[in-house]
S.K.: 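Below: one structure in structure tokens.
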Amino acid sequence: MTGPAILFDAVDLTLGRTVILDGVSLRVAAGTVHALVGPNGGGKSSLIRALLGQAPHRGTIRLDWPGDGPGTIAYVPQSVEFDRGLPLTVEDFLAVLCQRRPAFLGPDHRIDYGAALDRVGMAGKARRRFGALSGGERQRVLLAQALIPAPDLIVLDEPMTALDEAGIAIFETLLAELSAAGTTVLWVEHDLAQVRRLATRVTGLNRRVLFDGPPMEMLSPERVFDLFSAVPRRTGAERIAS
Ligand SMILES: Nc1ncnc2c1ncn2[C@@H]1O[C@H](COP(=O)(O)OP(=O)(O)OP(=O)(O)O)[C@@H](O)[C@H]1O
């Protein structure tokens, strides 16, 4: 199944007195790799939390599923907070996140956790203690959990932050495979060179949408400068209006 299209229409999010998102409208086309870029605190993760139903917001967020309706949504967070001393293996961790039966009954052996770990270069590490993994290895496990079951929509929040060169190559292969399978990918990323190379479309977000279009056109030095400036320069139309 091809993944869904996503519509964000006039999404506002205010926490306390802070306006986090202000009238954010954009469309993620079905089956594309759509990147969200912007400065720290620009609201990228908040937009994702709103999409996942984790943040109170105004406006509309709609998933348009093809065919018979809702498929599988996977989410890869920036990182996970947990007690590193927990006696939890990699396989236990995957079981907690991926299987429907209680994890205290043990991993469900009908699910091929090994194959998912294989795809992220973690073959043979299912019995390692999760808390003893390096940051990059934990990031790879977070990617693996998103592959079980195969997602129709995958939401990635800076998935490459802790990855080394080999991990980045694995991530790129995964992205290509997901894309070829028709999965919709919504991807928060700071590495603009990677976005230019791998994304179909990019949205620049700093509380508001500052640009939205194909990466080769959108990521011009001037636009990137504006996006990361504390006070974005005004457009010609805004200058004339003031
Ligand atoms: N629960 C909260 N209460 C108040 N403010 C919050 C809360 N969560 C996030 N914020 C604020 O919302 C703003 C946007 O945060 P968000 O994490 O969405 O940004 P981001 O674009 O993902 O940043 P980064 O690139 O650093 O990950 C920040 O100023 C942050 O401090």
Side-chain angles (χ1 to χ4, degrees), residues 6-28 32-63 73-82 135-136 138-143 145-146 151 153-164 167-168 171-172 175 184-213 215 218-233:
I6 312 170
L7 177 74
F8 297 90
D9 187 19
V11 175
D12 292 334
L13 170 57
T14 303
L15 293 172
R17 290 189 187 163
T18 312
V19 177
I20 313 283
L21 299 171
D22 180 11
V24 170
S25 296
L26 67 111
R27 185 176 168 78
V28 177
T32 58
V33 177
H34 193 121
L36 278 179
V37 301
N40 291 140
K44 304 177 296 296
S45 298
S46 300
L47 188 67
I48 280 179
R49 278 200 298 277
L51 167 67
L52 298 174
Q54 305 284 309
H57 60 274
R58 288 199 306 261
T60 303
I61 301 179
R62 199 180 72 217
L63 292 173
I73 300 175
Y75 170 52
V76 178
Q78 271 182 11
S79 60
V80 276
E81 305 285 338
F82 76 108
R138 283 202 302 278
Q139 190 68 38
R140 289 174 186 223
V141 175
L142 288 178
L143 281 174
Q145 61 79 27
L153 164 63
I154 186 165
V155 181
L156 304 161
D157 198 348
E158 295 182 48
M160 288 194 283
T161 310
L163 296 181
D164 59 11
I168 289 171
F171 171 75
E172 287 190 20
L175 202 59
T184 304
V185 181
L186 181 57
W187 171 31
V188 173
E189 185 53 60
H190 279 291
D191 187 331
L192 300 183
Q194 296 280 13
V195 168
R196 202 176 271 118
R197 250 170 12 88
L198 302 171
T200 323
R201 199 171 177 90
V202 60
T203 301
L205 186 70
N206 190 3
R207 194 157 52 95
R208 295 180 291 152
V209 171
L210 297 188
F211 57 76
D212 179 60
M218 292 298 117
L219 296 178
S220 65
E222 194 183 41
R223 278 213 180 83
V224 170
F225 180 82
D226 273 357
L227 179 63
F228 288 93
S229 296
V231 183
R233 278 178 293 166

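As the structure lists them, so they are numbered: ligands from 1, and atoms in each ligand from 1. Heavy-atom basis, side chains included; hydrogens, waters and symmetry copies ignored. All values reported here derive from a predicted model rather than from experimental measurement.
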S.K.: Let me know which protein residues bring a heavy atom to under 4.0 Å of ligand 1; chain then number is fine for ordering.
M.R.: Leu15, Ile20, Pro39, Asn40, Gly41, Gly42, Gly43, Lys44, Ser45, Ser46, Arg49, Gln78, Glu158, His190
S.K.: For the residue pair Val28 and Arg201, establish whether any side-chain heavy-atom pair is separated by less than 4.5 Å.
M.R.: no
S.K.: What do you reckon, is CZ of Arg197 surrounded by more than 12 foreign heavy atoms closer than 6.0 Å?
M.R.: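 Check passes, neighbour count above 12.
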S.K.: Would you say the side chain of Leu26 lies within less than 4.5 Å of the side chain of Leu47, judging by non-hydrogen atoms?
M.R.: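 SC-SC contact between Leu47 and Leu26 confirmed.
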S.K.: Between Asp212 and His34, is a side chain to side chain contact (heavy atoms under 4.5 Å, CB included) present by the stated rule, with each step listed?
M.R.: CA-CA 10 Å; Asp212 179 60; His34 193 121; 3.8 Å; yes
S.K.: Is there a donor-acceptor pair under 3.5 Å between the side chain of Lys44 and the backbone N or O of Gly38?
M.R.: yes
S.K.: Working note: Val24 + Arg207, criterion side chain to side chain contact (heavy atoms under 4.5 Å, CB included); need CA distance, chi angles, decisive distance, verdict.
M.R.: CA-CA 8 Å; Val24 170; Arg207 194 157 52 95; over 6 Å; no
